[in-house]
Chemist: 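Take a look at the following structure, please.
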Amino acid sequence: MWEEAKGKETLASVLQQFLRASLDTMEDEAWTKGLSCELSRWLSSSPSGSGEKSFLYKALGTVLGACKEVLHVQEKLLQHLEEANAEEPSEAQGMISFLSHAAESSFHTVLDTLTMFASRLCKGQKGRISRRKKMELDSRRAHATRSALILAHGSLALRASKEQLLARLEGDIVGNILLLYSCSCRDLQNTLALVQSITDFSSAFQAVGDSVCFNPSLKGKLLEILTDLLKKYYLGTPVSPVPLKVVLALEQLSKLKPSLGTKDMCDMLSLCCKNVVLHPSAEMMLKIKKSQQAAQYLQLLQTSLKALGRLMVVLLETETSGLFQNIVHRSMTSDNMWERKRALQICSQLLAACEEHGRGDACKHFGSLVGLLAPLTCDPMPTSRQLAVTCLSSLLRIQAKATNGVIKMGDIGSLCEGLNDRSTVCQLQTSSKIARIVYRTFPLEDTIDFMMAIKDTFRKAKGMRVRAAGRWMITFLQMYGKDICRDVPLTNYILRSCTSSPQHSTFMPFLSQAVVILTRCQADVTTDSFFPAAWSPQTVRHGGE
């Protein structure tokens with residue numbers, strides 16, 4: 001059956017090419033007009049959803065595009081726009097392909113006709129109309145037609161030439177889209193159509209060239225609409241594709257000149273992260289995985305994460321601190337393992353971009369990033385473990401390039417196999433080996449940042465992540481305990497602050513061992529300076545052992 005369907009699709013494509021080639025050589029307007037009338041009659045009588053009707057929509061659009069008589073073209077366009085029942089997906093798609101094929105050769109005529117038809121559909125906005133007409137304009141069919149027309153405008157933008165796009169995009173294409181959306185019911189279908197059309201015409205405008213600027217006030221209005229949608233859908237229906245699609249639209253729109261200011265970009269990224277990185281929650285992810293739309297939603301989530309990463313790369317041109325501190329840090333210590341995975345995906349993209357663009361200032365966060373990534377080398381999710389190693393490898397390469405040093409990374413990639421082992425003992429051993437490689441060139445001025453990040457894991461994490469954090473801390477102190485004299489008072493404070501956590505019993509052995517190492521390395525450090533008197537030196541020594 002699939003081969004049969006594929007054969008029909010190929011045949012339709014061949015026929016379409018033959019039709020276009022025939023029209024290119026035919027100069028008989030009467031014949032072209034007559035053919036359009038015949039195709040129009042067949043189209044009106046064809047059953048909805050059939051392959052025949054899908055082909056006829058494209059064929060009629062192609063023939064009308066070749067017609068020179070504008071009134072005839074407009075008459076046939078309006079006829080089939082009114083006849084189509086856009087509530088049926090096949091009809092909506094037929095309308096879009098019909099208009100797109102016609103616009104290839106008659107762009108301005110098609111857009112003028114669409115402007116006329118859009119005005120009719122939104123007639124009740126400004127003028128008085130009869131009750132019957134109002135009911136007709138508020139019907140489900142009318143709203144579905146608006147959605148299809150919104151998508152059609154985006155499709156037209158993608159097919160337009162540079163001259164056509166510059167002449168008609170801001171006033172007519174975007175103007176019609178906003179008009180149609182303003183008088184729609186703004187349900188899921190309308191909203192998705194709007195977001196997709198913004199993605200399409202932004203992508204089309206980018207292709208025009210870097211020298212052309214988009215209308216700043218119009219860009220601001222579109223950004224406001226998209227950010228309002230993010231606020232509306234934040235923590236909403238878990239399987240809603242809207243916020244994920246919005247991220248894709250924002251990626252394209254933000255590339256248009258003039259560029260956004262740093263503050264506006266940061267605010268927008270923060271909203272995107274709330275919808276894509278922090279959300280869905282662990283409970284919602286379980287529900288999503290059981291839903292029928294699971295595969296589509298999860299694929300869209302991955303696409304949106306990549307788009308968000310690319311969106312953040314745009315901000316790298318001006319600053320990096322906000323990206324790592326405000327976005328990456330919090331999510332990496334989350335209880336939600338999916339959130340941690342999503343944060344790691346973003347982090348790996350950011351570090352790869354820093355590496356590619358020679359942004360050595362990412363090393364300002366070397367200590368805190370190592371402290372955040374270290375526990376994730378033993379995350380419950382195998383993908384997160386691999387991503388953590390990928391991030392550490394990028395960070396080491398960035399550091400080497402920034403310091404003009406030669407880094408002896410060893411084969412960190414080969415150690416990933418050990419992280420995939422089912423044995424937690426093997427995972428911890430491998431994580432410790434990676435720690436020794438990372439620490440070879442660790443900048444000691446980042447000691448406190450590193451210890452603060454480890455403390456966050458001690459206070460918030462559980463299980464293997466805590467054990468990995470403890471191993472990395474102990475390995476660090478064993479290697480550099482004698483060299484961090486000036487940081488000992490603050491290290492003392494950080495370790496003591498960990499003891500107030502309700503989960504301190506989990507990591508107490510690591511803290512005790514840290515105290516033993518520091519008392520051996522620093523002559524003026526005693527166990528009493530770390531722990532309350534109620535905790536005897538014997539207890540600390542026992543924990544260290």
Side-chain angles (χ1 to χ4, degrees), residues 244 247-248 251 269-270 272-273 275-278 298-317 319-334 336-402 407 409-420 427 430-431 434-435 437-438 453 457 465 468 472:
L244 305 182
V247 173
L248 300 180
E251 181 201 0
L269 286 173
S270 178
C272 289
C273 285
N275 282 274
V276 179
V277 179
L278 306 184
L298 293 174
Q299 185 178 6
L300 180 57
L301 180 60
Q302 290 304 308
T303 304
S304 301
L305 276 166
K306 290 177 182 177
L308 180 55
R310 292 191 294 268
L311 198 55
M312 287 182 172
V313 170
V314 175
L315 194 55
L316 282 177
E317 297 175 6
E319 73 99 45
T320 56
S321 59
L323 296 179
F324 288 111
Q325 294 297 326
N326 301 330
I327 293 169
V328 174
H329 190 128
R330 180 174 60 174
S331 294
M332 282 191 180
T333 55
S334 169
N336 182 348
M337 62 180 177
W338 284 288
E339 182 181 330
R340 294 196 301 272
K341 177 187 171 184
R342 294 191 288 263
L344 280 166
Q345 287 178 284
I346 295 295
C347 185
S348 66
Q349 282 186 268
L350 278 174
L351 289 172
C354 286
E355 189 178 349
E356 182 183 347
H357 293 89
R359 293 298 300 268
D361 49 354
C363 291
K364 293 177 183 177
H365 313 282
F366 191 95
S368 58
L369 277 172
V370 169
L372 289 169
L373 292 166
L376 298 176
T377 58
C378 289
D379 193 90
M381 293 186 79
T383 307
S384 293
R385 298 197 289 268
Q386 301 301 322
L387 284 167
V389 174
T390 300
C391 290
L392 286 168
S393 299
S394 290
L395 195 57
L396 289 177
R397 287 193 294 270
I398 292 169
Q399 184 200 44
K401 194 169 184 180
I407 198 158
M409 289 173 54
D411 192 5
I412 289 183
S414 67
L415 294 175
C416 288
E417 281 189 29
L419 294 179
N420 287 333
Q427 288 179 25
T430 303
S431 181
I434 294 171
I437 294 172
V438 172
T457 298
R465 284 186 293 144
W472 278 66

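Below, each value reflects all heavy atoms present in this structure, side chains not excepted, and no hydrogens, waters or symmetry copies. Here the structure is a predicted model, which is why all the values come from computation and not from measurement.
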Chemist: Any chance you could measure Asn336, atom CG, to Lys341, atom NZ, to the nearest 0.5 Å?
Modeler: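 Here the rounded value is 11.5 Å.
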Chemist: What is the distance from atom CG of Leu305 to atom CG of Leu300, rounded to the nearest 0.5 Å?
Modeler: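 It comes to 10.0 Å.
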Chemist: Working to the nearest 0.5 angstrom, can you tell me the gap between Glu339 CD and Cys273 SG?
Modeler: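 It is 10.0 Å, given to the nearest 0.5 Å.
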Chemist: Please name the pair of heavy atoms, one in Ser334 and one in Arg465, separated by the smallest distance, quoted to 0.1 Å.
Modeler: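 Where Ser334 meets Arg465 most closely, the heavy atoms are O-NH1, 3.7 Å.
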Chemist: Could you walk me through whether Leu392 and Leu369 pass the side-chain contact (heavy atoms from CB on, under 4.5 Å) test, one step at a time?
Modeler: CA-CA 8 Å; Leu392 286 168; Leu369 277 172; over 6 Å; no
Chemist: Within the 4.5 Å heavy-atom criterion, are Ser348 and Leu387 side-chain neighbours or not?
Modeler: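 Side chain of Ser348 against side chain of Leu387, heavy atoms only: contact under 4.5 Å found.
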Chemist: What do you reckon, is CD of Gln299 surrounded by more than 12 foreign heavy atoms closer than 6.0 Å?
Modeler: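 No - once you tally the heavy atoms of other residues, nucleotides and ligands closer than 6.0 Å, there are 12 at most.
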Chemist: Identify the two heavy atoms, one from Ala453 and one from Leu372, that lie closest to each other, and give their separation to 0.1 Å.
Modeler: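 Closest approach of Ala453 to Leu372, heavy atoms only: CB-N, 3.8 Å.
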Chemist: Measure across Leu351 and Cys391 and return the closest heavy-atom pair with its distance rounded to 0.1 Å.
Modeler: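 Closest heavy-atom pair between Leu351 and Cys391: CD1-O, 3.5 Å.
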Chemist: Drop me the distance from Ser304's OG to Glu251's CD, to the nearest 0.5 angstrom.
Modeler: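 That separation rounds to 9.5 Å.
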Chemist: For the side chain of Arg342 and the backbone of Val276, is there at least one donor-acceptor N/O pair under 3.5 Å apart?
Modeler: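 Yes, Arg342 side chain to Val276 backbone: donor-acceptor pair under 3.5 Å.
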Chemist: Among residues two or more places apart or on two chains, list those pairs meeting side-chain hydrogen bond (donor to acceptor under 3.5 Å, both in side chains) that have a residue in residues 369-380.
Modeler: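 Counting only pairs at least two positions apart or across chains, the side-chain hydrogen bond (donor to acceptor under 3.5 Å, both in side chains) contacts touching residues 369-380 are Arg340-Asp379, Thr377-Ser431.
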Chemist: In Å and rounded to the nearest 0.5 Å, what is the CG to SG distance from Leu419 to Cys378?
Modeler: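 Answer for the CG-SG pair, Leu419 versus Cys378, is 6.5 Å.
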Chemist: Rounded to the nearest 0.5 Å, what's the gap from CH2 on Trp472 to CG on Leu373? Could you check?
Modeler: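 It is 8.0 Å, given to the nearest 0.5 Å.
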Chemist: Return the minimal non-hydrogen interatomic distance between Thr457 and Gly371, and the atom names on each side.
Modeler: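 Nearest pair, atom of Thr457 first, then Gly371: OG1-O, 4.4 Å.
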Chemist: Grab the two heavy atoms, one from Gln349 and one from Arg310, that are nearest each other, plus how far apart they are.
Modeler: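 Closest pair (atom of Gln349, atom of Arg310, distance): NE2-N, 3.9 Å.
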Chemist: Within the 4.5 Å heavy-atom criterion, are Thr303 and Leu244 side-chain neighbours or not?
Modeler: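 Heavy-atom side-chain distance check fails, nothing below 4.5 Å.
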Chemist: If you compare all heavy atoms of Asn420 against all heavy atoms of Arg385, which two are closest, and at what distance to 0.1 Å?
Modeler: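 So the minimum-distance heavy-atom pair works out to CA-NH2, 4.2 Å.
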Chemist: Determine whether a donor-acceptor pair (N or O, by modelled atom type, separation under 3.5 Å) exists between the side chain of Gln345 and the backbone of Lys306.
Modeler: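 Absent.
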Chemist: So do Asn275 and Val247 actually touch side chain to side chain, heavy atoms under 4.5 Å?
Modeler: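 Contact flag for Val247/Asn275 side chains = no.
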